[in-house]
Amino acid sequence: MPMSSTASGRTHGFQRPYSKAQYRAWFAQALSLTFFYGCALFAFLSKRLDHSRVMIVMIGAQLTIVLVELGLWHFLETHDPSEPSCFSRLLISEKRWTTEKYCRIHKKRIAGLDHFCEWLNVSIGRSNYVAFLLLVAAGLVQFCLQIIFGVLVLVGTQGQHGAVPILLQVIAVLLIGVSLPIATAYSMLFFFHLYLGWRGIST
């Protein structure tokens, strides 16, 4: 359920109380990053993988994407959706994005109100929709990269014996197990919003 912290309504996502979905999102991201960097660390310390250059590129790409996500996520969680932003200018001035609708969670009228995101605990409208869609796209790429990285580790340690290869395989399986459902959720969300944009409608 969406949470309201005061009688005057929410102003941003970091305003208490936090939602259960927020806690789940933070935990899932922290868990996946722990498995990813743990897997990468053990992979290079063990020196048992043949495609280390490819994996270095993937780690660099993943880290860059995560840093971009952190910036977008911080903006989304701290910005008041009823106030304009630099992202507002990136959307065309059509009825979908200029019509102000009342949000009962924020207790304000928000231009281009699309939906309330429980994972961010904030409403998504004209001022933050582009940032939201970029965050979803970046998240999709991040978790797809993590799945591919886990598969490479499994393939690279196939047929190897000993405690280190087994540990690598276990971490890789955990990484894939955590990343796969999140990547699926991100892909559904991303393509759903692309479809809505193509149809010119909101959620």
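For the single chain, residues carry numbers from 1 onward in sequence order. Any value given below was found using the heavy atoms of this structure, including those in side chains, with hydrogens, waters and symmetry copies removed.
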Check whether any side-chain heavy atom of K101 lies under 4.5 Å from a side-chain heavy atom of R109, and answer yes or no. no
Between the SG atom in C144 and the OH atom in Y186, the distance rounded to the nearest 0.5 Å is 11.5 Å
Give the minimum heavy-atom separation between L72 and L135, together with the two atoms involved. CD1-N, 3.7 Å
Beyond-backbone contact of V136 with F191, side-chain heavy atoms, under 4.5 angstrom: no
Side-chain contact, heavy-atom cut-off 4.5 Å: I56 with F44? yes
Could you state whether L91 and L113 fall into the same hydrophobic cluster, counting links through intermediate Ile, Leu, Val, Met, Phe, Trp or Tyr residues with side-chain heavy atoms under 4.5 angstrom apart? no
Supply the atom-to-atom distance R126 CZ to S93 OG, rounded to the nearest 0.5 angstrom. 4.5 Å
OH of Y37: more than 12 outside heavy atoms within 6.0 angstrom? yes
Whether over 12 other heavy atoms sit under 6.0 Å from E94 CD: yes
With salt bridge (charged side-chain N to carboxylate O under 4.0 Å, His left out) as the test, would you mind laying out the steps for D80 and K108 before giving the verdict? CA-CA 10 Å; D80 184 344; K108 296 176 182 178; 2.6 Å; yes
Any side-chain heavy atom of H106 within less than 4.5 Å of one from T11? no
Tell me whether the count of non-hydrogen atoms from other residues, nucleotides or ligands lying under 6.0 Å of OH in Y102 goes above 12. yes
For a quick test of reading the model, state the closest non-hydrogen atom pair linking A40 to I59 and the distance between them. CB-CD1, 3.6 Å
Spacing of Q22 atom CD and N121 atom CG [to the nearest 0.5 Å]: 4.0 Å
Does one side chain, of E77 or Q15, offer a donor that lies under 3.5 Å from an acceptor on the other? no
Any chain of hydrophobic side-chain contacts (each under 4.5 Å) joining I182 to W119? no
I need the minimum non-hydrogen distance between A61 and L145, along with the two atoms involved. CB-CD1, 4.1 Å
Answer yes if the side chains of Q169 and T157 hold a donor-acceptor pair under 3.5 Å, and no otherwise. yes
Kindly determine whether Q142 and S32 satisfy side chain to side chain contact (heavy atoms under 4.5 Å, CB included), including the steps that lead there. CA-CA 10 Å; Q142 175 204 334; S32 77; 4.1 Å; yes
State yes or no: do F192 and I201 share one hydrophobic cluster built from I, L, V, M, F, W and Y residues joined by side-chain heavy-atom distances below 4.5 Å, directly or via other members? yes
After noting the C-alpha distance and the side-chain angles of H79 and H74, does the key distance pass the ring-ring contact (aromatic ring centres under 6.0 Å, His included) rule? CA-CA 8 Å; H79 177 73; H74 183 267; over 10 Å; no
Is it true that a side-chain atom of T203 and a backbone atom of D114 form a donor plus acceptor pair closer than 3.5 Å? yes
Over all heavy atoms of both residues, which pair between T34 and A30 is shortest? Give the atoms and the distance, please. OG1-O, 2.8 Å
Could you give the distance from CD1 (I176) to CD1 (I148), rounded to the nearest 0.5 Å? 10.5 Å
Minimal heavy-atom distance between C117 and F132, with the atoms involved, is SG-CE1, 4.2 Å
Please say yes or no: joined through hydrophobic side-chain contacts below 4.5 Å, possibly via intermediate residues, are L134 and M188 part of one cluster? no
Can you find a heavy atom in the side chain of P81 that is under 4.5 Å from one in the side chain of I124? no
Starting from the C-alpha separation in whole Å, work towards a yes-or-no answer on side chain to side chain contact (heavy atoms under 4.5 Å, CB included) for R53 and M58. CA-CA 9 Å; R53 289 185 181 179; M58 292 182 67; over 6 Å; no
Strictly distance-based, threshold 3.5 Å: is any side-chain N or O of R10 a donor or acceptor partner for the main-chain N or O of P17? yes
Closest non-hydrogen atoms of E69 and G139, given as atom of the first, atom of the second and distance, are OE1-CA, 3.4 Å
Please work out which of the three classes, parallel, tilted or perpendicular, describes the rings of Y23 and Y18, given edges at 30° and 60°. perpendicular
One should read off an interatomic distance between I110 CD1 and S123 OG, to the nearest 0.5 angstrom, of 4.5 Å
Going hydrophobic residue to hydrophobic residue with side-chain gaps under 4.5 angstrom, can you get from L133 over to L196? no
Report yes if some heavy atom in the side chain of Q62 is under 4.5 Å from a heavy atom in the side chain of L33; otherwise report no. yes
Is it the case that the ring center of W73 lies less than 6.0 angstrom away from the ring center of F14? yes
Going through the checks in order, is the side chain to side chain contact (heavy atoms under 4.5 Å, CB included) test met by F42 and I171? CA-CA 9 Å; F42 278 109; I171 299 175; 3.7 Å; yes
Using the ring of Y129 (Phe, Tyr or Trp, six-membered ring only), decide whether R96 places NZ or CZ under 6.0 Å from its centre and within 45 degrees of its axis. yes
Before giving the answer on side chain to side chain contact (heavy atoms under 4.5 Å, CB included), spell out for M55 and F149 the whole-Å C-alpha distance, their side-chain angles and the decisive distance to 0.1 Å. CA-CA 7 Å; M55 299 179 83; F149 188 89; 3.3 Å; yes
Pairwise side-chain contact, E83 with N128, heavy-atom cut-off 4.5 Å (strictly under): no
Closer than 3.5 angstrom, by distance alone: can the side chain of R104 be matched with the main-chain N or O of K107 as a donor-acceptor pair? no
Pairwise distance CG(L90) to OG(S127) - rounded to 0.5 angstrom: 11.5 Å
